[in-house]
2 protein chains.
Amino acid sequence: MNLKQLALHLGLSQTTVSRALNGFPEVGERTRRRVLAAAEQFHYRPNASARKLATGRAGAIGVVFSSDRNLLLDPIFTDFLAGVAARSAESDTDVLVSSALGDEADTYRRLARAHSVDAVILSMPREEDPRVSLLHRLALPVVVHGRTESKLPYAHLDIDNEGAFRRATEMLADLGHRRIGLINGDTAFTFALHRERGWREALAARGFAVSAELGRAGQMTEESGYRFARLLLEFEAPPSALLCSSIFAALGAMRAIRDLGLAIGRDVSIVAHDDGLAAVRPETLTPALTTTFSSIRAAGARIAEIAAALAAGADPASLHEVWPVDIVFRGSTLPPPERAS
Amino acid sequence: MNLKQLALHLGLSQTTVSRALNGFPEVGERTRRRVLAAAEQFHYRPNASARKLATGRAGAIGVVFSSDRNLLLDPIFTDFLAGVAARSAESDTDVLVSSALGDEADTYRRLARAHSVDAVILSMPREEDPRVSLLHRLALPVVVHGRTESKLPYAHLDIDNEGAFRRATEMLADLGHRRIGLINGDTAFTFALHRERGWREALAARGFAVSAELGRAGQMTEESGYRFARLLLEFEAPPSALLCSSIFAALGAMRAIRDLGLAIGRDVSIVAHDDGLAAVRPETLTPALTTTFSSIRAAGARIAEIAAALAAGADPASLHEVWPVDIVFRGSTLPPPERAS
DNA sequence: CTGAAAGCGCTTACAG
DNA sequence: CTGAAAGCGCTTACAG
């Protein structure tokens with residue numbers, strides 16, 4: 001059933017039926033009711049492509065993943081996308097997932113020129129991120145999950161990574177820790193840079209030596225968490241506490257602590273960032289893990305809203321949010337052994 | 001730049017330009033070259049919606065997630081989607097991700113009536129899955145990741161879950177294990193049923209008692225892996241080996257073994273199914289984990305191909321694949337303690 | 001409050 | 001080998 005047939009059935013023009021369906025105010029109340037009832041009865045749905053062509057709007061937002069960055073292989077992305085998809089469904093917006101085969105820039109060009117999407121979500125931004133200026137040139141609205149140093153007006157939603165890691169470090173310092181290690185994500189990305197800055201500044205503010213060797217960065221897998229933790233803990237003067245940028249890295253770090261015959265909490269404290277993944281819940285581990293927490297699913301949902309606003313013509317300069325991060329204190333953080341007595 | 005402008009620039013008709021771009025054979029070689037060069041020069045891309053409207057094909061495949069099933073919250077889904085997206089990009093097909101707000105069936109009806117997609121991928125099927133017959137009624141081609149008992153012709157790609165768990169069980173039996181526990185996914189889903197069947201039949205074939213209490217099913221999280229493992233290991237006659245349906249459940253089971261003061265491998269053997277997630281690699285754990293392995297990313301890629309074939313009109317009855325599963329023997333499986341001496 | 005008609009940007013019989 | 005024209009199914013000035 002298409003619009004023409006529906007209009008014919010109702011004895012109305014396509015114009016009126018279209019207006020009734022789209023909630024235009026000038027349609028008579030009785031007419032609207034009749035139209036809506038018939039549409040319901042025949043399960044009428046406007047053809048998506050036809051509507052897009054006529055309005056010039058794609059009714060979709062895009063999410064692009066570069067294969068080299070392996071973003072899609074990051075398990076937390078599932079949760080992020082769940083948030084995006086759920087909120088987009090509410091506003092009847094499609095979510096287009098594209099994999100960049102070669103150059104990620106090509107993918108954006110394709111999306112822009114084919115008018116496949118009204119806006120895109122950019123994940124894992126870097127401080128200097130060429131994608132932001134590219135999208136600006138392509139006139140494709142973008143909402144960045146995170147932040148860049150770009151001066152261009154772009155919408156973004158970020159969490160306060162710097163504040164979170166500063167406060168976590170301060171909390172450990174308050175417990176008596178002096179040597180606090182950082183197992184971070186790749187500092188090519190802004191989020192990791194911000195976390196490192198929070199950690200570094202908290203240490204400096206207390207007058208602790210900030211030794212570069214205590215900060216390690218890499219992929220946030222169980223394996224690299226293990227490797228970095230072992231490396232740090234085998235120092236002559238090992239850290240008594242570790243800050244981990246992901247729950248997976250924390251699992252690896254916990255394994256390293258155990259493998260060295262040490263006790264988590266009593267010998268080495270751990271704090272990890274938790275994105276709210278259901279597969280591994282910090283509160284159920286042994287011991288329960290202290291975390292900096294922010295739901296990446298909620299971020300995805302809000303980002304979908306921002307993308308929709310952008311698609312509707314909102315000013316990107318007005319769409320900025322930085323969410324605070326909660327710290328949840330649990331059993332994996334104790335005073336360092338020297339002070340525990 | 002649109003087709004009209006491009007044609008005008010070339011001094012050709014839209015017809016010829018369109019044909020040249022789409023590789024029709026009747027276009028002159030010189031003409032084709034000119035057209036292609038100009039398209040390249042002006043970065044011409046046909047408007048996706050216009051093309052869809054004209055051809056009647058959406059050029060997209062759909063992936064739907066029901067919120068109640070929380071499929072999107074499953075981290076391995078990221079890898080699956082990575083495979084789908086990468087392969088779809090090669091064939092210039094869009095991947096539409098939809099979240100079912102309320103009824104999943106409504107979402108399929110919407111996709112079908114709005115002609116948003118040419119085919120859909122159905123994940124986490126059940127033995128009796130009403131979605132398959134619904135899609136059949138809606139005339140929306142479907143490729144199932146897994147299997148159902150439906151008699152309707154539907155394309156599918158599955159892995160040999162039954163064979164994998166049968167062989168893993170046999171392998172443990174060959175090592176001398178007599179009590180082998182199963183920590184499974186929710187048996188409402190076919191994959192979990194098949195795994196249970198493989199385990200059960202291998203036990204029966206050896207003449208071992210198949211006690212229902214040794215088989216547990218639930219969410220495949222670290223926490224439920226822990227909970228089930230503890231429960232089984234605290235029996236009077238605990239299992240000496242555990243089969244886990246996911247790497248996350250295995251992590252939990254390993255934690256349970258340690259918490260009980262036992263050694264993984266020496267006291268309790270573990271085998272886990274590995275989907276190839278990068279975040280947690282079984283070969284890097286302590287001890288390295290024996291696994292049944294099948295890349296879910298490769299499955300996603302192949303399923304995208306099948307979906308494309310379906311969209312192009314292939315017969316679903318001819319599109320069936322069941323992939324074998326490798327078993328990779330590592331340090332987490334040893335003979336049971338009674339025999340180890 | 002309603003309708004006839006043009007137009008969105010393509011593809012594709014049909015004609016030559 | 002090439003082109004004029006119709007059509008895909010909507011939306012939206014414009015007219016009444």
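Throughout, a chain's letter reflects where its sequence line sits, starting with A, and its residues are numbered from 1. Nothing here was measured: the structure is a model prediction, and the numbers come from that model.
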What's touching nucleotides 1-3 of chain D from the protein side, N or O pairs under 3.5 Å?
residue, atom, partner, partner atom, Å
D/dT2, OP1, B/Thr31, OG1, 2.7
D/dT2, OP2, B/Gly28, N, 3.1
D/dT2, OP2, B/Thr31, OG1, 3.3
D/dG3, OP2, B/Ser13, N, 3.1
D/dG3, OP2, B/Ser13, OG, 3.3
D/dG3, OP2, B/Thr16, OG1, 2.9
D/dG3, N7, B/Arg19, NH2, 2.9
D/dG3, O6, B/Arg19, NH1, 3.1
D/dG3, O6, B/Arg19, NH2, 2.8

Under the rule for ring pair (Phe, Tyr, Trp, His ring centres under 6.0 Å), what residues qualify as partners of A/Phe191, not counting sequence neighbours?
none
Who passes ring pair (Phe, Tyr, Trp, His ring centres under 6.0 Å) against A/Tyr108, sequence neighbours left out?
none
Any side-chain N or O of [X] less than 4.0 Å from the OP1 or OP2 oxygen of [N]?
X       : N     : answer
B/Tyr44 : C/dG9 : no
B/Asn47 : C/dC8 : no
B/Asn2  : C/dC8 : no

Whole angstrom value for the distance that separates P of C/dG9 from CZ of A/Arg113
16 Å
Find the distance A/Leu3:CG to C/dA5:C1' and express it as a whole number of Å.
14 Å
Residue pair [X] / [Y]: nearest heavy atoms and the distance that separates them:
X        : Y        : value
A/Tyr44  : A/Met1   : CD1-O, 3.4 Å
A/Thr190 : A/Arg126 : OG1-C, 3.1 Å
A/Ala314 : A/Leu319 : CB-CD1, 4.0 Å

Please state the C1' separation for the pair D/dG16 and D/dT12 - nearest whole angstrom.
16 Å
Answer with yes or no after comparing the ring centroid distance for A/Tyr154 and A/His136 against a 6.0 Å cut-off, counting only values under it.
no
Does a salt bridge link A/Arg297 with A/Asp79, judged by any charged N lying under 4.0 Å from a carboxylate O?
no
Are A/Arg51 and A/Asn22 close enough that a side-chain donor and a side-chain acceptor fall under 3.5 Å?
yes
Indicate whether any N or O donor in one side chain lies under 3.5 Å from an N or O acceptor in the other, for A/Ser18 and A/Thr15.
no
Compile the donor-acceptor pairs under 3.5 Å between side chains in residues 82-96 of chain B and protein atoms, sequence neighbours left out, one pair per line.
residue, atom, partner, partner atom, Å
B/Arg87, NH1, B/Glu305, OE2, 2.2
B/Ser88, OG, B/Val84, O, 2.8
B/Ser91, OG, B/Ser88, O, 3.3
B/Ser91, OG, B/Thr93, OG1, 3.0
B/Thr93, OG1, B/Ser91, O, 3.2

Among D/dG9, D/dT11, C/dC10, the nucleotide that comes nearest once only the side chain of A/Gln14 is considered:
D/dT11
Angle class for the A/His320/A/His156 ring planes (parallel below 30°, perpendicular above 60°, tilted otherwise)?
parallel
May I ask you to list the residues of residues 48-58 of chain B, by number, that have any heavy atom positioned under 4.0 Å from an atom of DNA chain D?
B/Leu53, B/Ala54
In dot-bracket, 5' to 3', how would DNA chain C read with Watson-Crick or G-U wobble pairs under 3.5 Å, [ ] for crossing ones and | for pairs to another strand?
|||.||||||||.|||
